[in-house]
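Worksheet: the structure to be examined is printed underneath.
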2 protein chains.
Amino acid sequence: MQNSKRALHAPTYKRLRDTLIGELADGQYPVGSRFPTEQALCARFGLSRHTVREAIRGLTGQGLLSRQAGSGTRVLAKKQPTVFTYRLESLSNLWQYAAQTRFVPEQEGAVTLHDDLAKKMGRTAGERWMRITGVRCGMDNSKPLCWSALFLAEPYMDVRGNVNVEDSSYYETICEVYGLTVSEVERSMSAVSTPANVARQLGIAPGAPSILERRTYRETSGEAFEITLSIYPGDEFMHTTRLVRENDASLAGND
Amino acid sequence: MQNSKRALHAPTYKRLRDTLIGELADGQYPVGSRFPTEQALCARFGLSRHTVREAIRGLTGQGLLSRQAGSGTRVLAKKQPTVFTYRLESLSNLWQYAAQTRFVPEQEGAVTLHDDLAKKMGRTAGERWMRITGVRCGMDNSKPLCWSALFLAEPYMDVRGNVNVEDSSYYETICEVYGLTVSEVERSMSAVSTPANVARQLGIAPGAPSILERRTYRETSGEAFEITLSIYPGDEFMHTTRLVRENDASLAGND
DNA sequence: TTGATGAAATTGTCCGGACATAAAGTGATC
DNA sequence: GATCACTTTATGTCCGGACAATTTCATCAA
């Protein structure tokens, strides 16, 4: 009997949460201002602190509120923004050809960046990096897929001895050997005319349009430890990213 | 006295959570198997149900466990995968130049896709789309930033009357008028030689390398309702995306 | 054997209380 | 006026209990 009423309603903490979301959206609590304390909400709605906290927990999870012991609760946003995300389960997926490629090194040696190269790499001239150039091929040993120049920061130059260049990638080895964690990868693309020597290795016409892709791998401190410049034949390859609307389900896991 | 021991340790529920994460990583609870019940964990660790639930809450949030009332708790994964994400707060940020650009239309009219155009758009030949071409300029009225061809799917062709092309974007208007929601944006890039007519409008040399960017806006059903093809001068523009390691903080908001 | 019924197990919700921890405010003292 | 100690306030952690909702399983009847 009395539970039939319950069954028709959402749980108390959810209804409270929705109420508060509505009040936030209405602008009753301006962004940056203080949100009512737990005690105030308990008194206002006649609920236990436990239930109030359960409702607020959802709001902090959605990025609407921020809490600090001793200080109180502040309003971060009026409503949850719609967010589009591009997700990678692992960095190796950055290669659309994934595990089906093989890096074939050609030259390696330390270089001091001159103006032009520094600009391409997004660094400043005069820095010293270890450079390894080569091409990346498919497993079927046909025409190379792209030309790459791989740069390792000075402290990690001697890692090249540990890398099985064909099977593994440098950033993975560097992370293992030096205990680093990749915290960020920046990927930039622009169009260029294929340089003659690269065109020859890729088997395309010199000067044909191609994509110059730069990847910068940064560790936790924000310092770049590996940079790769790659040239892809423009007419054969498409770089695709899919941005997907973030479903609220991913945040509402505690419901 | 007794709290000095507390102060040195993390809270009980966190230590329990770490313990369970370790046991999961060790493979003590195989993926797909049943996880110990709350009562079992309470008895084993001598803790209250509240604390045990607080620990488990973190594990479900990380996607390690899934729970079902009446049924129990099952193991979803041994450990949390490292995920890299590229986040957009709003789609207008897809324009790196954001609000500082203006679309200047040139031609518009319905077209039936021929083979070549269909391939560029990732569609099949014979479909009918509304095409609007033009250039996008900075607010300072200088040289155009890019050339664009914008395609609207047949059902939404007549929206063009409602759009203030200079201020707003088509996909926004279409979504408003027809009640659609953008659920996904696919972005592909390749390098091409700038066609003569585009080069003229952009003020660059014909045949110079440029980036051809295609964006496909899809609504919830997965159907594409707007496609844009844009050509950017290759040497002037860089398209950059930053992939950031998903910090556990975003999930551990309940800590 | 099948089907329905009810008990048991398990998670979900909600309440009460207590103390710890952190931040901010208050005031006395130098 | 600046600094230290104390008080106040608010959130964080932890315990206890109770009942609801859901699923599973055993039992019993047809």
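All chains are named by letter (A, B, ...) in the order of the sequence lines, taking the proteins before the strands, and each is independently numbered beginning at 1.
Relative to the side chain of B:Tyr13, the nucleotides D:dT13, D:dA10, C:dT13 differ in distance, and D:dT13 lies closest. Closest to the A:Leu47 side chain, of the nucleotides D:dT11, C:dC15, C:dG12, is C:dC15. Nearest nucleotide to the B:Gln68 side chain, out of D:dT22, C:dC14, C:dA22: D:dT22. For A:Gln39, the listed nucleotide lying nearest its side chain is D:dA10; candidates were D:dA10, C:dG12, C:dC14. Minimum atom distance to the side chain of B:Ser48 is reached by D:dG16, of the listed C:dT11, C:dC14, D:dG16. For A:Arg49, taking side-chain heavy atoms from C-beta onward, the closest of the listed nucleotides D:dA18, C:dA18, C:dC15 is C:dA18.
At the phosphate of D:dA10, neither OP1 nor OP2 sits under 4.0 Å from any side-chain N or O atom of A:Ser71. Applying the 4.0 Å criterion to OP1 and OP2 of C:dT11, one finds that B:Thr73 has a side-chain N or O inside that range. A close approach under 4.0 Å does not occur between any side-chain nitrogen or oxygen of A:Thr37 and OP1 or OP2 of D:dT9. An OP1 or OP2 oxygen of C:dG12 is reached within less than 4.0 angstrom by a side-chain nitrogen or oxygen of B:Arg53.
Note on A:Glu54 versus B:Arg53: no salt bridge recorded, every NZ/NE/NH1/NH2 to OD/OE distance being 4.0 Å or above.
Of the N and O atoms on the side chains of B:Arg218 and B:Ser183, not one donor lies less than 3.5 Å from an acceptor on the other residue.
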